[in-house]
Peer 1: 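Right, I'll just put the structure down here and ask away after.
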Amino acid sequence: KLNLTKDTLNDIKENLKDLFQKLGLDFKVQKKLHPEQASIFGNEKFLYLMKFLEELKNFLEAKNQVTTQKMERKLII
């Protein structure tokens, strides 16, 4: 279990909100796109999503490592 602060959770929430806004595609626009263009657009959004998830994973792992180190220090003392 990660013990994240409210600020951290709010940052994640805002970044997720921004991510989903960037991933959104107006269906009217999508209908007008050539299938090849729509596919390219979808690939770009997928890559953006994967990058975001990788950054989130790294962030959470770093937070977890700091928490683990703090706990280990307390156990030693």
Side-chain angles (χ1 to χ4, degrees):
K1 177 183 173 186
L2 291 174
N3 188 15
L4 302 175
T5 65
K6 283 188 177 188
D7 288 339
T8 300
L9 291 174
N10 284 334
D11 286 344
I12 292 170
K13 179 182 167 183
E14 290 302 314
N15 283 321
L16 282 171
K17 207 185 285 186
D18 182 51
L19 169 71
F20 287 111
Q21 286 175 349
K22 288 180 180 178
L23 291 177
L25 175 63
D26 183 16
F27 289 108
K28 292 178 185 177
V29 173
Q30 188 178 6
K31 287 180 184 179
K32 293 178 184 178
L33 290 177
H34 185 275
E36 216 172 284
Q37 290 173 319
S39 178
I40 291 169
F41 185 78
N43 289 342
E44 289 173 1
K45 296 301 180 184
F46 176 77
L47 291 175
Y48 183 80
L49 174 62
M50 295 307 294
K51 179 182 173 195
F52 176 84
L53 292 174
E54 184 67 29
E55 289 174 3
L56 180 60
K57 176 186 164 207
N58 291 338
F59 171 77
L60 292 175
E61 286 175 348
K63 277 287 202 187
N64 191 35
Q65 186 177 19
V66 168
T67 302
T68 301
Q69 288 172 349
K70 286 180 183 178
M71 289 173 57
E72 287 173 353
R73 278 189 234 133
K74 287 181 182 180
L75 291 173
I76 292 172
I77 295 175

Peer 1: List the atom pairs, donor and acceptor, that lie under 3.5 Å between side-chain atoms in residues 13-20 and the rest of the protein, sequence neighbours left out.
Peer 2:
from	atom 1	to	atom 2	distance (Å)
Asn15	ND2	Asp11	O	3.1
Asp18	OD2	Lys22	NZ	3.3

Peer 1: So, using side chain to side chain contact (heavy atoms under 4.5 Å, CB included) as the criterion, who are the partners of Asn43 when residues are at least two apart?
Peer 2: Ser39

Peer 1: Between Met50 and Glu54, is any pair of side-chain heavy atoms under 4.5 Å apart?
Peer 2: no

Peer 1: Can you name the residues that form a side chain to side chain contact (heavy atoms under 4.5 Å, CB included) with Gln37, not counting sequence neighbours?
Peer 2: Leu33, His34

Peer 1: List the residues meeting side chain to side chain contact (heavy atoms under 4.5 Å, CB included) with Lys6, not counting sequence neighbours, and say none if there are none.
Peer 2: none

Peer 1: Could you measure the distance from the CG atom of Leu9 to the OG1 atom of Thr5? Nearest 0.5 Å is fine.
Peer 2: 6.5 Å

Peer 1: Give a yes or no on whether Tyr48 atom OH has more than 12 heavy-atom contacts from other residues, nucleotides or ligands under 6.0 Å away.
Peer 2: yes

